Structure formats: C-alpha cells, structure tokens
Amino acid sequence: MTSTPELPLRNEFFLPTNSEVGAHRLLNDADKPCTYLCGNSLGLMCKRSRELVEEELGVWATRGVIGHFDHPQKRDWVGLADHARPYLAEIVGANEKEVACMSTLTTNLHLMMNSFYKPTSERYKILCEAKAFPSDQYAFASQAQAHGLDPVKTVLELSPRPGEYCLREEDILKVIEQDGPSIAVVILSGVQYYTGQWFPMQSITQKAKEQGCICGWDLAHAVGNVPLSLHDWDVDFAVWCTYKYLNSGPGGIAGLYVHEKWNDSLKPKYSGWWGHDPLTRFAMPSQFSPVEGAGGFQQSNPSILAIASLLGSLQTFRKAGMMAPLRKQSILLTSYLEKLLFQSKYFVPLEEVSTKYKEGKGPPGFTIITPRDTKDRGAQLSLLFLPSGTGVMQQIFESLQSHGVIGDERQPDVIRLAPIHLYTNEADCEAAAQYLNKAFDEFEAQAS
Ligand SMILES: Cc1ncc(COP(=O)(O)O)c(C=O)c1O
Ligand SMILES: Nc1ccccc1C(=O)C[C@H](N)C(=O)O
C-alpha cells in the first residue's frame with residue numbers, strides 16, 4: 001500500500017497498548033499500541049475529545065449553572081448541540097436545519113417511526129433487511145404492535161439468495177416494486193453490521209419514493225464511514241449513533257435527519273422543551289413552538305460531556321479534510337487488509353465455500369462475506385470461519401486478542417475487522433493478517 005501516506009492523525013488518538021488490552025502473548029511489545037480494528041463498534045478516543053471534556057468539567061467545577069449561559073470559551077451549554085450540527089450536516093450530506101444532535105440511536109429510531117410510520121389498511125408494511133441489528137428488529141416489531149398490527153405480517157424482511165450473504169441490488173429493487181403499494185416505510189441500515197455491505201442507498205431511496213413509500217436509514221455503521229448525500233438522494237429520515245466511526249465515546253450522543261420538505265407538514269409528535277424555539281424557551285411559555293426542521297424533535301437538554309466528546313472528534317475530522325480524503329484512505333486501507341487476507345493459505349474464496357464445505361465438513365479456514373467491490377462496502381471486512389459451528393471462530397478470536405488484535409466476534413461464525421481511516425496504519429493490517437495465520441497454524445497443530 002506504498003502509495004498511501006499514513007495520515008498524521010493517528011497521533012491525535014489514544015491508542016491502547018498491548019498490555020492494556022490484555023495481549024498476554026506480546027510481552028516484549030507490551031507498551032506498543034495494540035492492533036485496534038474495532039472502531040466499527042467503538043471508535044477510539046481522540047486527544048481533542050479528552051481536552052474538551054476536561055474543559056467542560058472545569059467549567060462545571062468553577063461556574064456551576066452559569067456555564068449554561070456564560071461560558072469562558074463561548075460554548076454556552078444551552079446552545080452546545082448546535083455546535084455539532086454543521087459537522088454532522090456535512091458528514092451526512094444535509095442542510096444544517098435537517099440534522100439534530102440528540103438522544104440515542106434506538107430512541108431516535110422510535111421517534112422517527114412514530115412520526116413517519118402511519119399504516120393504513122392498504123399500506124402498512126415495514127421493509128427492512130433480514131437479520132438487521134436486533135435493536136432495529138425489536139423497534140420495528142414493537143412499532144407494528146403499537147398500531148395493533150401483527151409484526152409477522154407487517155415487517156417484511158429482505159433475505160439474501162440461498163447460499164449468499166449479501167443482498168443483491170436487483171432483488172431489493174424488485175421487492176420494492178412488487179410490494180410497493182403495501183409498504184409504508186422502507187428502512188434499512190446504510191452499512192449492514194454483520195456483513196459490512198453498503199447498500200445502494202440512492203437507488204433504493206429512489207425506488208421507494210417512486211412507489212410512494214417513506215424511506216429512512218439507520219446509519220449506525222455508515223456515518224463517518226462512507227460518504228452520504230441524504231438531502232440530494234431525497235431520503236425522508238435517518239438516525240445514527242456517534243460512538244462508532246464518529247468516536248464520541250461509549251453510549252455517546254446520537255443524531256437524526258429529517259428532509260426539509262417535511263418542515264411544514266410534519267411536526268414533532270412527542271414534544272419536549274429543547275425542541276422549542278430557543279428565543280422563548282426560558283420564558284417558559286405553555287404553548288410549544290418548535291424550532292423549524294430536525295431541531296424541533298429535540299426533547300431534553302442534552303449531555304454536555306457527550307457533546308464535548310463528539311465535538312473533539314468532529315474537529316479532528318475537519319482537520320483530516322472531512323469525508324472525501326478519509327474515504328480515499330479508507331478504500332486503500334481496507335483493500336490492503338483484504339489483499340493480505342487473500343494471501344493467507346487459510347483463505348477460501350466465497351464461491352468455493354459450498355463445494356469445499358459440504359455437510360459442514362472441511363479444513364479450518366475462512367472466507368470474506370463483505371462485498372469485494374469497494375463501492376459496496378465501507379471500512380469493515382467480515383470474516384466467516386469454516387467449517388461453521390465447530391468453534392474455529394472462537395479459538396481464532398481468542399488467539400487474535402492474545403496478540404493484541406482487537407476485532408469483534410459476531411455469532412455464529414464471524415469476526416469483524418475494520419481498519420479505520422483516521423488512525424489505523426499499514427502495520428496494523430499486516431499484524432492482523434500475520435496473527436490470523438499464526439492462530440490457524442496453532443489450531444491445526446492442536447487438532448493433529
Ligand atoms: C444498526 C444498529 N442499530 C442499533 C444499534 C443500537 O444502538 P443504541 O444502543 O445506541 O440505541 C446499533 C449498535 O449498537 C446498531 O449497530
Ligand atoms: N454499543 C455497544 C455496546 C456494547 C457492545 C457492543 C455495542 C455495539 O455498538 C454493537 C454494534 N452496534 C454492532 O454492530 O455490533
């Protein structure tokens with residue numbers, strides 16, 4: 001990957017060391033950074049985030065309630081969420097008024113569904129991908145139930161073809177076309193958490209609109225990972241968390257987007273004082289008068305520490321030039337890791353899996369279920385371990401961890417590895433491939 005200069009931004013992050021993550025087989029390199037490939041689950045902390053959180057703690061310690069309105073760094077807490085909006089708008093491809101920085105992902109998903117999902121006897125289905133992240137599945141089922149509908153008949157799930165792992169664009173579009181008149185909301189994840197597939201968001205949105213459906217997106221794994229143009233694609237609503245690619249810290253504050261075309265006709269259904277016009281908010285009027293756009297959906301005063309942490313990361317994104325250069329770096333890094341994995345003697349091309357592993361038997365190995373085409377994926381590669389259900393994945397996962405390679409396991413058979421454009425380097429990719437091979441060598445030696 002010699003053509004890619006390492007982004008200097010790695011130094012802007014705290015990289016846990018091998019000893020800190022419990023890499024007990026790397027005692028000689030205990031104080032070196034571990035191989036962190038899990039920013040798709042929890043992004044690392046950037047130095048600016050710690051600085052800003054410490055500043056806010058300082059203001060709280062020295063000013064107490066005064067910090068809401070008179071802040072030494074001009075970040076009055078009453079308006080702090082608005083500081084994040086320009087960055088978020090740019091990252092998701094929207095106008096500032098179309099985004100809000102608030103609450104948490106699943107809560108925002110429910111809020112948006114409450115506003116946009118209005119089932120009728122003809123048009124009532126929720127179209128999503130099969131095996132969506134469980135929180136989304138629970139949300140969709142409970143939304144159906146809240147309207148007195150049977151989730152089994154209401155939630156329509158798109159499954160890959162037999163023997164395949166990812167959805168084909170043509171198949172998704174065909175279902176929307178065929179079932180369009182009965183679909184109320186099309187809501188998929190931008191990037192699928194298990195497979196790492198980046199769905200063709202623009203064409204799905206367009207097809208949904210042609211069919212008169214509402215189109216929303218869960219961008220948990222897409223925001224800060226891949227470039228987005230929600231406004232231009234005519235997406236109705238979107239929700240996301242910020243603790244993955246946006247590095248806001250565990251349980252960080254989330255976001256939502258509502259297309260401005262809804263400003264006149266769609267008013268927040270479950271109002272709270274933070275959605276009220278800030279000019280009169282503290283006059284304590286009894287009548288709710290919402291901020292125009294996504295901001296009107298805010299309910300509570302937000303966590304200042306969570307926003308400060310997010311702002312630190314967003315400022316680091318700005319330093320990197322935002323999504324265009326980061327996406328270039330991401331493509332190079334992920335392709336480099338993929339190339340190294342292809343070179344492994346344990347790698348099995350996806351098309352050979354069904355013949356090589358008949359009836360669940362075959363030599364220990366792995367394949368990659370994430371799409372090969374860079375336009376269909378972000379930073380994540382999902383490695384499927386074979387033969388499935390034999391415990392290979394678990395053993396390899398533990399071995400990787402003992403060598404400081406931090407990915408994550410997703411049952412039943414997947415380990416996800418995500419080189420992150422802001423802080424992963426080539427050496428990380430090389431370490432991951434090297435220790436994966438070593439883990440397999442040891443697994444084989446043990447078995448024989
Ligand atoms: C696609 C998706 N939806 C929902 C969630 C749940 O988010 P939260 O716990 O922040 O509500 C996650 C991650 O945890 C996710 O990846
Ligand atoms: N917030 C978490 C807290 C604990 C453990 C995992 C998470 C995740 O975010 C999981 C992630 N959504 C995933 O794609 O699997």
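Remember, it's 1-based here, ligands and their atoms both numbered in the order they're listed. The model shown is predicted, which means the values in this text are computed figures rather than measured ones.
- Proximity of Asp218 to ligand 1, defined as any heavy-atom pair under 4.0 Å, is confined to the side chain (atoms from C-beta onward).
- Geometrically, Arg410 does not engage Tyr193 in a cation-pi contact, judged by NZ or CZ lying under 6.0 Å from the ring centre and within 45° of the ring axis.
- Gln411 has its side chain within reach of Met393: a pair of non-hydrogen atoms, C-beta onward, lies under 4.5 Å apart.
- Ranking protein heavy atoms by distance to atom 10 (O) of ligand 1, first place goes to Tyr243 OH, 2.7 Å.
- Residue Tyr124 comes nearest to Leu149 through the heavy atom pair CB-CD1, 4.2 Å, listed as atom of the first residue, atom of the second, then distance.
- Interface of Lys244 with ligand 1, defined as ligand atoms under 4.0 Å from a residue heavy atom, comprises 13 (C), 16 (O).
- Using a 30° and 60° split on the angle between ring planes, Phe440 and Phe366 fall in the parallel class, below 30°.
- In this structure, the protein non-hydrogen atom closest to atom 12 (N) of ligand 2 is Lys244 NZ, 2.7 Å.
- The number of heavy-atom neighbours closer than 6.0 Å to NZ of Lys319, taken from other residues, nucleotides and ligands shown, is 12 or below.
- Across Tyr194, Tyr138, Trp240, Phe133, heavy-atom proximity to atom 12 (C) of ligand 1 is greatest for Phe133.
- Residue Lys267 places its NZ atom among more than 12 non-hydrogen atoms of other residues, nucleotides or ligands, all under 6.0 Å distant.
- For Lys269, the NZ atom is densely surrounded, since the number of other residues' heavy atoms within 6.0 Å is greater than 12.
- Ligand-side atoms of ligand 2 in range of Phe133: 11 (C), 12 (N), 13 (C), 15 (O), range being under 4.0 angstrom from any heavy atom.
- Crowding of Lys47 atom NZ: a count of heavy atoms from other residues, nucleotides or ligands under 6.0 Å exceeding 12.
- Residue contacts with ligand 1 for Ala220 involve side-chain atoms from C-beta outward but no N, CA, C or O (heavy atoms, distance under 4.0 Å).
- Geometrically, ligand 1 and Asp136 share a nitrogen or oxygen pair separated by less than 3.5 Å.
- The protein non-hydrogen atom at the shortest distance from atom 7 (C) of ligand 2 is Ser41 OG, 4.1 Å.
- Considering only heavy atoms from C-beta on, Leu26 stays 4.5 Å or farther from Cys34 through its side chain.
- Evaluated by nearest non-hydrogen atom to atom 15 (O) of ligand 2, the leading choice among Arg410, His221, Glu409 is Arg410.
- If you look at Gln380 next to ligand 2, there are no close heavy atoms at all, none under 4.0 Å.
- Polar contact with ligand 1: present for Thr106 (N/O pair, distance under 3.5 Å).
- Interface atoms of ligand 2 facing Tyr243, defined by a heavy-atom separation under 4.0 Å, are 1 (N), 9 (O).
- At least one N or O atom of His221, backbone or side chain, sits closer than 3.5 Å to an N or O atom of ligand 1.
- Protein heavy atoms come within 4.0 Å of atom 10 (C) of ligand 2.
- Distance from atom 13 (C) of ligand 2 to its nearest protein heavy atom, with residue and atom name: Arg416 NH2, 3.3 Å.
- Ring-plane geometry between Tyr245 and His221 is classed as perpendicular, the angle between the planes exceeding 60 degrees on a 0 to 90 degree scale with a lower cut at 30.
- Using a 4.0 Å threshold on non-hydrogen atoms, atom 5 (C) of ligand 2 does not count as touching the protein.
- Between Phe347 and Phe342, the ring-plane angle classifies as tilted under the 30° and 60° cut-offs.
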